[in-house]
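Heads up: the structure comes next, in structure tokens.
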There are 2 protein chains.
Amino acid sequence: MTTTGARTSTPTLGEVADLAGVSRATVSRVINDSPRVSPEARVAVQAAVEALRYVPNRMARSLVTRRTDTIALVLSEADTQVFSDPFFASIVRGLSARLADTDLNLVLLAARGEREQEKIGRYVRQGHVDGVILMSLHNDDLLPDILTGGHVPVVLSGRPLDGRPVAYVDADNAGGAAAATRHLLSLGRRRIATISGPTDMVAGLDRLAGYRAALAEAGRTPAPELVAEGDFTEAGGVRAMTRLLADAPDLDAVFVASDPMAVGALQALRAAGRRVPEDVAVVGFDDAAVAAVCDPPLTTVAQPLDEMTGLMVELLLDQIESGERTAETRVCATSLVRRASA
Amino acid sequence: MTTTGARTSTPTLGEVADLAGVSRATVSRVINDSPRVSPEARVAVQAAVEALRYVPNRMARSLVTRRTDTIALVLSEADTQVFSDPFFASIVRGLSARLADTDLNLVLLAARGEREQEKIGRYVRQGHVDGVILMSLHNDDLLPDILTGGHVPVVLSGRPLDGRPVAYVDADNAGGAAAATRHLLSLGRRRIATISGPTDMVAGLDRLAGYRAALAEAGRTPAPELVAEGDFTEAGGVRAMTRLLADAPDLDAVFVASDPMAVGALQALRAAGRRVPEDVAVVGFDDAAVAAVCDPPLTTVAQPLDEMTGLMVELLLDQIESGERTAETRVCATSLVRRASA
DNA sequence: GGGGGTCGTGGAAACGTTTTCATGGCGCTA
DNA sequence: TAGCGCCATGAAAACGTTTCCACGACCCCC
């Protein structure tokens with residue numbers, strides 16, 4: 001017999017047990033769908049749960065199971081700009097879809113600046129989550145260090161720049177960029193420019209490397225005036241394209257390292273009176289939703305997002321279940337989606 | 001004396017106590033900055049904590065304190081589009097800034113669809129968080145019901161459409177919209193159109209109501225062809241403006257219920273060869289970052305975001321500390337920011 | 001120099017679960 | 001019918017904290 005207290009605060013498992021006329025152990029078994037419960041007991045417990053509106057106390061449960069059934073997607077980025085990147089939205093969508101029919105919860109943690117990074121590190125180490133998927137965008141990010149310092153399973157979205165041994169899932173950025181560039185070459189374009197991502201992000205670097213590799217492979221060396229650095233935003237794409245047109249007015253193609261930037265580039269090209277693809281062929285990267293609807297529809301490099309989010313979850317769950325951190329990695333093939341812009 | 005176990009898993013408070021030669025109670029006091037600890041004991045404990053790399057187990061602590069020191073921002077929206085809305089990003093930024101120097105953590109929960117809403121409801125009711133700030137965008141949203149059904153403190157971002165008794169913080173949407181419309185009237189514009197938000201969102205409705213009220217107050221009744229419904233996105237703004245130009249080619253002003261839509265409207269106007277503000281004056285809403293940099297810079301209605309996020313936190317903390325839910329509300333004044341577009 | 005007060009400390013009881021282990025009842029097989 | 005094993009059940013021990021309470025030691029003031 002436990003405290004059959006007044007109807008003040010939330011009911012406990014003990015009260016349910018009393019009402020149902022069984023022991024706490026049996027209630028626990030019903031709650032957790034254990035098969036070793038008689039139908040009668042099960043029904044009685046369920047009725048009591050219903051009557052008391054019982055909902056299990058997660059903290060008490062986690063204390064003994066050492067599981068929170070929660071994983072975090074942590075986003076390490078100085079400004080909130082990232083939210084508007086369709087790639088990020090896709091990752092969130094993919095992850096929650098993936099977790100929908102499990103009993104795992106997904107929480108997002110956003111870290112702007114050092115203090116918040118520390119705070120998130122504490123949050124994670126204190127055992128609030130079973131694992132972390134980390135989108136660490138810039139290479140001077142502290143969070144990989146902070147998080148891999150603890151015991152919590154971690155999977156990175158995107159290859160870590162320093163080659164540290166940690167599990168990650170990435171697209172074949174270099175390969176995709178090379179394929180895009182080769183496609184432009186195969187169209188007979190001679191002056192192929194690129195709008196790269198920020199050079200402190202690994203996706204930016206790898207795509208730029210792929211572009212260079214494809215040109216080198218064709219016996220070309222890209223002129224410096226054909227490379228402009230963007231920031232993965234539409235506005236950045238406008239700026240970069242404008243600069244390219246000023247520095248290299250004779251360009252006849254451009255590989256843009258993200259679709260939002262490509263949309264910006266299209267605007268700048270239109271403003272400059274260049275026709276796409278007749279005067280300038282454009283290839284983007286990401287196959288964001290906007291790529292299909294912009295004018296002209298964008299030829300772009302698609303990443304298999306569902307596959308990638310699936311792998312992230314898989315790698316993370318493997319670590320959680322085995323109880324030990326791994327450094328498994330998965331690199332997913334990209335594919336060129338041909339539309340009208342190149 | 002507790003288990004002075006091997007260096008296998010994470011150390012516990014008991015092991016720290018043993019190493020420091022004090023009781024668990026004393027260690028707890030040091031951890032929680034209680035003043036009633038002698039300097040010597042404090043130093044000894046701190047050294048032990050350091051040596052063992054001790055980090056408190058949050059679940060155990062929460063079990064007894066009934067606090068998680070975590071609040072959730074839950075985002076109830078069918079698609080991930082919202083992420084790209086600068087208003088959302090501003091709220092996130094404001095909240096985390098506000099919580100930066102407290103020991104509260106902020107987590108984001110995104111619910112797309114009924115199943116995820118249920119899941120979030122469970123997550124919250126199980127006691128994962130101390131309180132919830134709910135951005136419930138559409139009026140058929142289940143989450144307000146789900147969440148206010150439990151005992152967890154809730155503050156809504158935005159007035160609930162059904163007038164239920166729940167704490168909320170909102171901008172004076174109607175007032176801001178009316179001010180914007182009056183401004184257009186004062187410029188001598190006669191055919192003032194509007195691009196409204198979705199009519200199943202309270203912000204959309206209130207801003208539309210404000211527009212209508214200002215016209216009525218001036219003795220005008222807005223013609224139906226001067227009202228186009230948008231969806232708060234840039235693409236929606238383009239579509240709505242295009243439709244308005246088709247249905248009411250003689251319009252000379254437009255009040256747009258959000259800045260992203262206003263940016264879209266500007267594009268459509270330019271494409272149609274209308275000059276802004278000479279031919280058509282444009283006023284937006286939100287004072288998003290983009291308003292200052294678009295062409296022409298946008299006259300818009302600013303919401304006091306810092307004040308609003310501050311109030312949300314304040315209202316929520318009040319409830320958490322008092323232990324009871326309130327239905328306090330705060331409505332913040334907006335202000336017209338004059339730039340070049342009107 | 002004794003009595004009240006403060007102060008630092010440790011013992012032990014919570015907090016609400018899960019899970020191990022023992023037990024008793026039952027049906028089956030030999 | 002005896003014996004064996006399975007199955008549903010409950011008692012009790014965890015899990016790692018916080019916090020109440022009691023207990024000395026010490027200081028200060030009369």
Side-chain angles (χ1 to χ4, degrees), chain A residues 1-5 8-45 48-49 52-69 103 125-128 130 151, chain B residues 1-5 8-45 48-49 52-69 103 125-128 130 151:
Chain A
M1 175 73 77
T2 61
T3 52
T4 314
T8 67
S9 65
T10 64
T12 73
L13 184 139
E15 299 176 35
V16 174
D18 288 352
L19 182 58
V22 298
S23 72
R24 301 209 299 279
T26 300
V27 176
S28 176
R29 281 187 275 257
V30 172
I31 300 290
N32 295 306
D33 277 328
S34 160
R36 345 215 88 194
V37 176
S38 68
E40 310 85 68
R42 185 179 304 276
V43 168
V45 169
V49 165
L52 294 169
R53 281 212 172 79
Y54 169 71
V55 26
N57 180 316
R58 205 44 190 266
M59 300 307 148
R61 183 205 291 252
S62 293
L63 181 56
V64 33
T65 61
R66 333 214 58 130
R67 282 289 215 100
T68 64
D69 291 332
D103 53 355
R125 271 200 311 263
Q126 283 176 338
H128 268 286
D130 292 339
H151 291 166
Chain B
M1 174 73 77
T2 61
T3 52
T4 315
T8 66
S9 64
T10 64
T12 73
L13 184 139
E15 299 175 34
V16 175
D18 289 351
L19 182 58
V22 299
S23 72
R24 299 209 298 279
T26 299
V27 176
S28 176
R29 281 187 275 259
V30 172
I31 301 290
N32 296 305
D33 277 327
S34 160
R36 344 214 86 194
V37 175
S38 68
E40 310 86 68
R42 185 178 304 277
V43 168
V45 169
V49 164
L52 267 48
R53 283 214 170 77
Y54 169 71
V55 28
N57 179 316
R58 207 43 191 265
M59 301 306 147
R61 182 204 293 252
S62 294
L63 182 57
V64 32
T65 60
R66 335 214 57 130
R67 281 291 215 99
T68 64
D69 292 333
D103 53 356
R125 270 200 311 263
Q126 284 175 338
H128 268 286
D130 293 340
H151 293 164

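Fair warning: this is a prediction, and the values are worked out from it, not measured in the lab. In what follows, chains carry the letters A, B, and so on, assigned in the order in which the sequence lines appear, proteins first and then strands, with residues in each chain numbered from 1.
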Over how many whole Å does the gap from [X] atom [atom1] to [N] atom [atom2] extend?
{"X": "A:Glu15", "N": "C:dT17", "atom1": "CD", "atom2": "C1'", "result": "14 Å"}
{"X": "B:Arg42", "N": "C:dG8", "atom1": "CZ", "atom2": "P", "result": "9 Å"}
{"X": "A:Leu13", "N": "D:dA11", "atom1": "CG", "atom2": "P", "result": "14 Å"}
{"X": "A:Asn32", "N": "C:dG16", "atom1": "CG", "atom2": "P", "result": "17 Å"}
{"X": "A:Arg36", "N": "C:dT19", "atom1": "CZ", "atom2": "P", "result": "14 Å"}
{"X": "A:Gln126", "N": "D:dT17", "atom1": "CD", "atom2": "P", "result": "11 Å"}

Picking from A:Asp18, A:Thr12, A:Val16, what satisfies side-chain contact (heavy atoms from CB on, under 4.5 Å) with A:Val27?
A:Val16
When rounded to the nearest 0.5 angstrom, what is the spacing between [atom1] in [X] and [atom2] in [Y]?
{"X": "A:Arg66", "Y": "B:Thr10", "atom1": "CZ", "atom2": "OG1", "value": "5.5 Å"}
{"X": "A:Thr26", "Y": "A:Arg36", "atom1": "OG1", "atom2": "CZ", "value": "13.0 Å"}
{"X": "A:Gln126", "Y": "B:Ser62", "atom1": "CD", "atom2": "OG", "value": "8.5 Å"}

Is the backbone of A:Thr68 close enough, under 3.5 Å, to the side chain of A:Arg58 for a donor and an acceptor to pair up by distance?
yes
B:Thr65 side chain vs B:Arg61 backbone, donor-acceptor pair below 3.5 Å
yes
Does OP1 or OP2 of C:dC15 have a side-chain N or O of A:Thr12 closer than 4.0 Å?
no
Any side-chain N or O of A:Thr26 less than 4.0 Å from the OP1 or OP2 oxygen of D:dG10?
yes
Give me the bend of the helix from C:dG1-D:dC30 to C:dA30-D:dT1, using the axes of the five pairs at each end, rounded to 10°.
40°
Answer whether the closest heavy-atom distance between the side chains of A:Val49 and A:Ile31 falls below 4.5 Å.
yes
Side chains of A:His128 and B:Asp69: closer than 4.5 Å at any heavy-atom pair?
no
Could you say whether A:Glu40 or B:Arg29 is positioned toward the 5' end of DNA chain D, judged by the nucleotide with the nearest heavy atom to each?
A:Glu40
Sugar-phosphate, base or nothing in reach of B:Ser28, heavy atoms under 4.0 Å:
base
Which of residues 55-69 of chain A have a heavy atom under 4.0 Å from DNA chain D?
A:Leu63, A:Val64, A:Arg66
Using a 6.0 Å cut-off, check whether atom CZ of A:Arg53 has over 12 heavy atoms from anything other than its own residue.
no
